[in-house]
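Presented below is the structure to which this report refers.
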Amino acid sequence: MFKKDPLQIIAFQSYGTNTHFYLKGRALEDENINLENKTWINLLINSYKRLEVDEVRNTTLDIKLPNGKILKTTTDNKGYFKVKAELVGLESLTNSEGWLPCQVSYSDVNIKRNIQNKNSFPAEILIPSSQANFGVASDIDDTILHTGVVSFLKWRLIINSIFKSALARIPLEGAPEFYHLLHRGISGDEANPIFYVSHSPWNLYRYLKLFLKQNDFPKGPILLRNFDSLFKKKTIDEKPQKQKEIVNLLETYPNLPFILIGDSGEHDPDIYIEIAELYPDRIKVIYLRSVNHNKRMERVRGLLENYKTTPVLLVESSKQAIAHARSIGFIK
């Protein structure tokens, strides 16, 4: 008889306010994925394990805050959980960078399964500092991480995601420096929040988190989507998940303007322009990294030709974006 894998909980870095607690994550069996493996066979096995997960369904979890308060939630039939609560004084529980630490655990202490970490899993939500002058919502694929999303049949995207470890992935030149400058702002200590928003599935969360940490990007919530939504047919009026996430950020922080950063390869230009039309006074600027694809670039230039609502800058490099942000007074 096969031995069952131990249980774990993966809490995704989320965000909130002084009075709004929001945390998302997933309860799973621990498949023992070593993100530092570099041989192609281990990388292939890891990729399979990330996609073929064994979720812990319909189980109750406890979320313990630093002040001892406990919130309860229940996982859905895919193992995901989402906690929303209206509280008071959350900002007083954060560290100097605005992160509120908490612990997530299985409520049922009689579960007849081995639970990793003595049934205590770390979680964090970001509560932006009152000193922040703006927020940044950034795409990941081909914006800060070269993925080959516009390659023929997306073969580079497939190869890079499956056969390269997070430690071997290289960020686009100058991107970490640009994001740190935005994070610090014109004063150098603004702690402007950075949110990483991608069409990638939650299965890649730990992979992307390790990539961002390894390459010294500012720490920020990583907002992805459910794997099965990649194959779900959308209705005509349904908005992309990335657009929903950014709109939710704008609604969560009604007094915080945003900078949007993406690339010209897929749908970022359309999504960002539509958001700017809905919130014309909230979007300071849109930066779009140019991709090596003539037809897509031609389409984007046509899209922007008569667009005047929000400044949009097509950039070939981070240096261009840094120079523009400095000239406008966003950064030192």
Side-chain angles (χ1 to χ4, degrees), residues 13-18 20 22 91 97-99 125-141 143-144 175-176 178-199 212 217-225 239-264 266-289 300 303-304 307-315 318 320-322 324-332:
Q13 287 172 340
S14 301
Y15 59 91
T17 70
N18 187 46
H20 179 67
Y22 172 74
E91 194 171 358
E97 281 288 311
W99 288 94
I125 75 166
L126 176 66
I127 298 178
S129 164
S130 57
Q131 302 300 313
N133 277 331
F134 56 81
V136 177
S138 171
D139 180 40
I140 296 176
D141 304 332
T143 299
I144 60 176
F178 180 39
Y179 284 58
H180 273 290
L181 288 169
L182 290 171
H183 177 59
R184 293 192 295 266
I186 188 66
S187 70
D189 59 2
E190 290 172 12
N192 297 314
I194 312 289
F195 302 89
Y196 301 96
V197 188
S198 172
H199 280 311
L212 292 169
F217 280 91
K219 184 178 175 181
I222 303 170
L223 311 174
L224 308 177
R225 61 174 171 168
K239 301 300 182 184
Q241 183 63 27
K242 183 188 295 186
Q243 186 165 343
K244 294 177 184 177
E245 293 286 0
I246 296 174
V247 167
N248 195 51
L249 290 172
L250 289 161
E251 295 292 336
T252 301
Y253 307 111
N255 299 318
L256 194 66
F258 269 77
I259 292 172
L260 306 182
I261 307 177
D263 66 85
S264 305
E266 292 272 281
H267 306 296
D268 287 352
D270 307 82
I271 291 173
Y272 290 179
I273 285 174
E274 185 169 336
I275 290 172
E277 292 286 356
L278 290 171
Y279 300 88
D281 300 324
R282 301 283 309 283
I283 307 303
K284 283 180 168 289
V285 67
I286 298 171
Y287 292 112
L288 294 173
R289 187 179 288 273
V300 171
L303 191 66
L304 300 177
Y307 179 73
K308 305 296 182 187
T309 303
T310 300
V312 181
L313 194 69
L314 288 171
V315 297
S318 295
Q320 288 180 328
I322 290 171
H324 178 269
R326 189 166 281 142
S327 71
I328 297 297
F330 296 154
I331 61 176
K332 270 189 172 183

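Model, not experiment: these values are computed from the prediction.
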Item checked: Residues Tyr179, Ser138; criterion side chain to side chain donor-acceptor pair (under 3.5 Å); working and verdict -> CA-CA 9 Å; Tyr179 284 58; Ser138 171; 2.6 Å; yes
Next item on the list: Working to the nearest 0.5 Å, report the span between CD1 of Ile283 and OG1 of Thr310.
Entry: 6.5 Å
Margin query: Return the CZ to CD1 distance between Phe134 and Ile259, rounded to the nearest 0.5 Å.
Written below: 4.0 Å
Margin query: With rounding to the nearest 0.5 angstrom, report the CD1 to CZ distance, Ile194 to Phe217.
Written below: 10.5 Å
Check: Under 4.5 Å between any side-chain heavy atoms of Lys219 and Glu97, yes or no?
Finding: no
Check: If every non-hydrogen atom of Phe178 is compared with every non-hydrogen atom of Ala325, which pair is closest and at what distance?
Finding: CE1-CB, 4.1 Å
Notebook entry, point to check: Is any NZ, NE, NH1 or NH2 atom of the basic residue among Asp139 and Lys242 found under 4.0 Å from an Asp or Glu carboxylate oxygen of the other?
Noted result: yes
Check: Do Glu251 and Tyr279 get their side chains close enough for a donor-acceptor pair, meaning under 3.5 Å?
Finding: yes
Next item on the list: Take Leu314 and Ser264, measure what side chain to side chain contact (heavy atoms under 4.5 Å, CB included) needs, and give me the verdict at the end.
Entry: CA-CA 8 Å; Leu314 288 171; Ser264 305; 3.4 Å; yes
Check: In this structure, are over 12 heavy atoms from other groups packed under 6.0 Å from His267 atom NE2?
Finding: no
Next item on the list: Flag the pair Glu245 and Arg225 as a salt bridge only when some basic side-chain nitrogen lies within less than 4.0 angstrom of an acidic carboxylate oxygen.
Entry: no
Notebook entry, point to check: Should Tyr287 and Leu260 count as side-chain neighbours, where that means a heavy-atom distance under 4.5 Å?
Noted result: no
Next item on the list: Search all heavy atoms of Ile261 against all heavy atoms of Val136 and return the closest pair with its distance.
Entry: CD1-CG1, 3.7 Å
Check: Rounded to the nearest 0.5 Å, how far apart are CG of Asn18 and CD of Glu91?
Finding: 5.0 Å
Item checked: Phe330 vs Leu181 side-chain heavy atoms within contact, under 4.5 Å -> no
Check: Taking all non-hydrogen atoms of both residues, which atom of Ala175 and which atom of Ile144 are closest, and how far apart?
Finding: CB-CG2, 4.2 Å
Checklist line | Euclidean distance, Ile140 CD1 relative to His199 NE2, rounded to 0.5 Å | finding: 11.5 Å
Checklist line | Closest contact, heavy atoms only, Glu190 versus Asn133 | finding: OE2-ND2, 2.9 Å
Margin query: The test is side chain to side chain contact (heavy atoms under 4.5 Å, CB included); show your working for Val312 and Val285 and say whether it passes.
Written below: CA-CA 6 Å; Val312 181; Val285 67; over 6 Å; no
Checklist line | Closest approach of Arg282 to Tyr253 (non-hydrogen atoms, all atoms of both residues) | finding: NH2-O, 2.6 Å
Next item on the list: Would you check, one step at a time, whether the test side chain to side chain contact (heavy atoms under 4.5 Å, CB included) holds for Leu256 with Leu250?
Entry: CA-CA 7 Å; Leu256 194 66; Leu250 289 161; over 6 Å; no
Notebook entry, point to check: Going from NE2 on His180 to CD1 on Ile331, what distance comes out if it is rounded to the nearest 0.5 angstrom?
Noted result: 13.0 Å
Note to self: Give me the atom names and distance for the closest heavy-atom approach of Gln13 to Gly220.
What the structure shows: OE1-O, 3.2 Å
Margin query: Less than 4.5 Å apart, side chain to side chain, heavy atoms only: is that true for Gln131 and Ser187?
Written below: no
Item checked: Test applied, ring-ring contact (aromatic ring centres under 6.0 Å, His included); reference residue, Tyr15; option that passes from Trp99, Tyr196, Phe195 -> Phe195
Note to self: Is there a side chain to side chain contact (heavy atoms under 4.5 Å, CB included) between Leu182 and Asn192? Walk through the geometry before answering.
What the structure shows: CA-CA 7 Å; Leu182 290 171; Asn192 297 314; 5.9 Å; no
Margin query: Going by the rule side chain to side chain contact (heavy atoms under 4.5 Å, CB included), which residues pair with Pro269 if we only count those two or more places apart in sequence or in a different chain?
Written below: Leu288, Val300, Leu303
